[in-house]
Amino acid sequence: MPDSSHPVQPSELLRSIFGFASFRANQEQVCLAAIAGRDLLLVMPTGAGKSLCYQLPAIARGGTALVISPLISLMEDQVAKLAALGLRVARIHSGLERAAARQACVEYLQGSLQFLFIAPERLRVPGFPEMLAKRNLALIAIDEAHCISQWGHDFRPDYRMLGQYLPMLRGAPDPAPVLHPTDQSPSVGAPVLAMTATATPTVQADILAQLGMVKPAKFIHGFRRENLAIEVVEVPQPDRASAIFRLLIEPSHRPAIVYAPSRKQSEQLAAELSRAIPAAAYHAGLDADTRERVQKAFQAGKLEVVVATIAFGMGIDKANIRTVIHAGLPATLEGYYQEIGRAGRDGALSRTFLMHSYADQRTHDFFLNRDYPPVECLSEVYEALTGEPQKVEDLRAASKLGEEEFDKALEKLQIHGGARVDFGGSVTRGGPGWKKTYAVQARYRAEQFAKVLGFTTSSECRMSALVGHFGDVEDACRPCGKCDVCDPAAALLRRFRRATAFEREIVQSIVDELRSVDYKAAGALQRNLDLVGRLSRSDFDALLDAMARAALIEIEAAEFEKNGEVIPFRKVRLTARGLEVRPFTPLSLLIGDGVADEFGGRTDPPMRAKKTKLAQPKLAHPGPKTRQPETEPLPRTPEELALAQNIEAKLREWRAVEAKRLGVPAYVVLHDRTLAAVAQAQPENVQQLSQIPGIGLAKVERFGAAILALCRASD
Ligand code: ADP
Ligand code: MG
Ligand code: ZN
């Protein structure tokens, strides 16, 4: 028990016991809450340092901490680390001799352990929880707590039962004065600390409920990555291979991982890339030797690109991965985030690309149907089962379902308790409860994918959207400044073009239409403005997205119910900046326009006035009447043209020197498109400079003076 007259400062323990100079972000807060005896949920990415958040409080509180961990390897790793620090630690799991487990129990009961690690299934051993309950615990830490949630892919039934044992293990209310008295007084005995790197808000709520946490503190932190530039681009499937090739042929974009949706595609892509780049495929269909060889060669830098299915990356510890490409839609945002998270561990700018198209959606529907067959299929198999064991083969042969369908249905029934299969291959009927849990799980899967789709079509900052998805609402409000939404002009793969006069005109009318209302549905907006025949739905959406990127409007996904059916729609709302738009306000809008055909820093074309796909409206009074001034005049006279070229050349020279000085590729200093835009706009002051697409605040701060000087020197 802590000695309250001389409380040891957490920072002191951090130094003296763990040998760390300072806390990492958020660790101290979490430690203080745990020391104070508060139940808590901690969600931080892998490697963020969650273990310390139970280890330090355990020592501060005194006594033994019980740590529940799902994998023997994880447990062994932690135990070895703690023992190396000179701490008294033991573990009990199925990989140990009986005698060792008995010895651990003896030490525990003597009170000589600071940490006792156990596997969750150990609690089912009769008498074991009672043995633990003989002493008051310092705290109970549950590592990888997402395993509790039946929706997660790591679901462990034994984790689900933890909640049952906790009241007994927590023991009597802790009578000892707490180290740092706060308003949260512990009253339920040892605090429960749940830790995980992956928990959506739904899973978080599930964890809290399952563990019966009391007034838990929630710490959800650290999901923002500052050095990832995320791009999400619609690319038709047949064009993806060449787009990937063009991205990766640029040496500064490597090493890279490409995630392909299927084994076949991973092999095809790898073969294609190998023509010019050291690349290989990696998937679960390859033998273990080949997989190990590929992984080692990539780690050692002999291979520069690995084209993988999701099976790749777990064992990868490579800090300098510059690019991660998804050649198809991922199934969940968790998986996606983990995969892009392998880029740029060294902190240097890295790029991620997510390619998608309508066709991906259909592929996913297909997989979802295959992996989660309709309830009727399961019912059919369930009805055929009886209390008497029957051979699986016989049932399969008698079933109307195809072999694979049958096996899938039986597998699902088994998972959800509707069927019991024994080792001899016989099956008996289980309880009827499967229907409910199966439906919940299938729906959850579908919802997860809907979130991925929502992510691709959203016009919110990509990083903010991800951070928000993981439940860090506080941090979700800050745009990253690097993604295709925040800095469209810097996007490599996604192409943008300037809005045409016609489009800017529509923007004006959208603003007018929204000025007097709280919001309008996107569809209604298009109808009201009589744009239905004149602008395709996708062109209209592209325009709305451009307005959202320019912060003139906000788009919010919403839904309403009609005849029992839920119908999604988008609320469009004017922002404060949008309200300021008046008929002659200059608008600098970039419209998403497919995939760039060349890029890579060196070959970037200047921003082209690309031919527009939009049908020009028939004006009632054609003729010379100007409806709106050209707000972004392109140089017209030969003199103006020459001047712009002159400035552009000088900017290029300066950029080359700067890039060399900083040791980064040229486009990191200024993208070709931005460079061309600066040359055309010829800004006279910081204000004007910062209006140019691709010039964020950071660029102004770093290079503003130099760029302005160059523009000035040229007139
Ligand atoms: P996870 O959040 O994935 O459980 P760990 O707790 O395993 O992460 O910590 C990852 C690594 O970070 C470990 O090697 C750990 O020693 C180190 N670490 C944790 N906290 C600190 C700190 N305050 N200063 C330096 N290193 C730390
Ligand atoms: Mg951990
Ligand atoms: Zn962003």
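Just so you know, ligand 1 is whichever comes first in the structure, and atom 1 is the first atom listed for that ligand.
Between His221 and Phe219, the two ring planes are tilted [angle within 30° to 60°]. Relative orientation of the Tyr54 and Phe117 rings is perpendicular, given thresholds of 30° and 60° on the angle between their planes.
The single protein non-hydrogen atom nearest to atom 5 (P) of ligand 1 is Ser51 OG, 3.6 Å, given as residue, atom name and distance. Nearest protein heavy-atom contact of atom 9 (O) of ligand 1 is Gly49 CA, 3.5 Å. Distance from atom 17 (C) of ligand 1 to its nearest protein heavy atom, with residue and atom name: Arg24 NH2, 3.5 Å. Here the heavy atom of the protein found nearest to atom 3 (O) of ligand 1 is Gly47 N, 2.6 Å.
Proximity annotation for atom 21 (C) of ligand 1: of Phe20, Tyr54, Phe23, Phe20 comes nearest, heavy atoms only. For atom 19 (C) of ligand 1, the candidate residues are Glu28, Glu144, Gln27; the nearest heavy-atom contact is made by Gln27. For atom 14 (O) of ligand 1, the nearest non-hydrogen atom from the set Lys81, Met44, Lys50, Gln55 comes from Lys81.
Cation-pi geometry between Arg88 and Phe115 is not satisfied (NZ or CZ under 6.0 Å from the ring centre, within 45° of the ring normal).
For Ala197, the closest heavy-atom approach to ligand 1 does not fall below 4.0 Å. Under a 4.0 angstrom heavy-atom cut-off, Cys53 registers as lying outside contact with ligand 1. At least one heavy atom of Ser22 sits less than 4.0 Å from an atom of ligand 1.
Residues His326 and Phe353 place their aromatic rings such that the two centres sit no closer than 6.0 Å.
Considering only heavy atoms from C-beta on, Ile325 comes within 4.5 Å of Leu247 through its side chain.
If you look at Pro45 next to ligand 1, the close heavy atoms, those under 4.0 Å, all belong to the backbone.
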Tyr259 and Tyr336: CA distance, side-chain angles, deciding distance, ring pair (Phe, Tyr, Trp, His ring centres under 6.0 Å) verdict: CA-CA 10 Å; Tyr259 287 102; Tyr336 171 68; 9.5 Å; no

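Residue Met213 comes nearest to Ala194 through the heavy atom pair CE-CB, 3.5 Å, listed as atom of the first residue, atom of the second, then distance. Contact between Cys461 and Cys480 at its shortest, heavy atoms only, is SG-N, 3.2 Å.
The angle Cys486:SG - the Zn ion (ligand 3) - Cys483:SG amounts to 110°, with values rounded to 10 degrees.
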